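Since the structure comes first, as C-alpha cells, the remarks are kept for the end.
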Amino acid sequence: MLTAPTFPNIQDAYVALLQLATKEPEHQIDARGNAAREVIGVSFRLPDPRQRLPYLEERKANPVFQFAEALWYLAGRRDLEMIGYYAPSMGASSADGIHLGGSAYGYALFTPYDGRLSAFDQVVELLQNEPDSKRGYLQVFSADELLDRHNPDVACLAGLHLLPREGRLHMVCNMRANDLDCGLLSDVFSFTMIQEYAAIRLGLRLGSYTHTIGSAHVNNRNAERVRRVLAEATDRTSAVFTSPAMPEDTTASTIGRLMDHEEALRRNERQYSALHIQNRLGLHPYWQQVVMLFELYRQLQHDGGDVVDPALLYALDPGLRWLMIRKWPACAAAAAGGAL
Ligand code: 5HM
C-alpha cells in the first residue's frame, strides 16, 4: 500500500508510532541535547479527524490546553501570556519572554500580512475559485528561522495542504520533526481543528487528515512513560468516546468571542456557573463546552486548586469529563463527591 496507513482515531496512530520508534528505531540521535530514537519519513491517515483525543490513563491528555492551543492558533496569536498560562513549559521556547517564534503557527497562518489577506484567507479564496487546485498550501516553516543558530523555536510544522475533493476538505500536514510522545498529540488536535474550521469556511464536509513526519522520534528521557503507555495499550481495552462536529456557523467572530471569555477567565475577572455558560453567553453548545473547560481551569488556577464545581463536570460531554477527572485530582474529588 503506497498511501499512508489508516487509523480510526489518534490514539491508535499514537500507539502504533510509539511502538515503531521504540521497538524498531532506525537511528539514535542527539540534537540540541535531546537523545532520542528516530524513524524517518513516516505518515498516517485519520479518515475521521474529529477523533482527535486519546483516552489513556498513562498519557493523560489535557483538553483545556488542547482547546486553548487550537484557539490560540485560530486567533492568529503569538503571545506567551495566553498560551503560557495553559502550558508554562512553553516559556522555554520564547526568545524574549513575550512572544513565541516558529511554533506560533496561527500567527503565520491567520495574521494579515503587509496589507494583504492572511495566508489562510488567501488559500480559502483560491479554493473557492478552483476547488480542484493543488496550490492550497499554507506554508509555516521558513528558511529565515535558521539564520540565528541559537533560535530556540524553529517551526516543526512545514505546512498544511488543503485539498477540497468531491465535497470534502482533506488536509495533508507536513512536519519536519515530531516528538511522538509530547508534540504529536497536541499537534494533531490543533491541526485537525484548523482543518475543520477551514472546511466550514469553504462550505465543505470534513475529509481525511494525513500526517507526515520527516523525523519522528521519542526522547530517551520519556522512555519510561512510553513503556507504560504501550503496556496499557496492550493490556486494557480503552474507553471510547466520539467528538462532536464543530458548529457550521463558526466564524472568526465566534473565535473572537471565545477569546474574550478565555481572557476574562484567565485573568480571573469573571466566574461562570454551568447554567450561566449554557443560558447567558449565546454560544453553541459545542463552544459552551470549551468555556466550561476554561472555567474549570480558572477554578484550579485561581481558587486554591483543590476544589472545583461538580455542576460544571456534570455539564461536560462524557469524553471531556473522563479526561478532566483523570488529569486533575480536584476534578476526580468533585466527581467522587457528586457520585458522577
Ligand atoms: O531541535 P528542534 O528544533 O528540532 O526541537 C524541537 C522539538 O520539539 C522536536 O523534538 C520536535 O519534534 C518537537 N516539536 C513537536 O513535536 C515542537 C513543536 C513546536 O514547533 C511542535 N511539535 N509543534
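This one's a predicted model, so the numbers in the text were calculated from it and none came from an experiment. Just so it is clear, the values below take in all heavy atoms, side chains as well, and ignore hydrogens, waters and symmetry mates. Just follow the structure's listing: the first ligand is 1, and inside any ligand the first atom is 1. For the single chain, residues carry numbers from 1 onward in sequence order.
Contact detail for Ala61 and Gln66: the closest heavy-atom pair is CB-NE2, 4.3 Å. Residues Leu80 and Ser94 approach most closely at CD2-CB, 4.1 Å, considering heavy atoms.
With respect to Asp121 and Arg116, no salt bridge is recorded, no charged nitrogen being found less than 4.0 Å from a carboxylate O. Salt bridge absent: Arg37 and Glu26 never bring a charged side-chain N and a carboxylate O closer than 4.0 Å.
Using a heavy-atom distance under 4.0 Å as the criterion, the protein contacts of ligand 1 are Arg32, Ser103, Tyr105, Cys156, Arg176, Ala177, Asn178, Asp179, Gly183, Asp187, His217.
Checked against a 6.0 Å centroid threshold, the rings of Phe191 and Tyr209 do not count as neighbours. The distance between the ring centers of Tyr86 and Phe294 falls below 6.0 angstrom.
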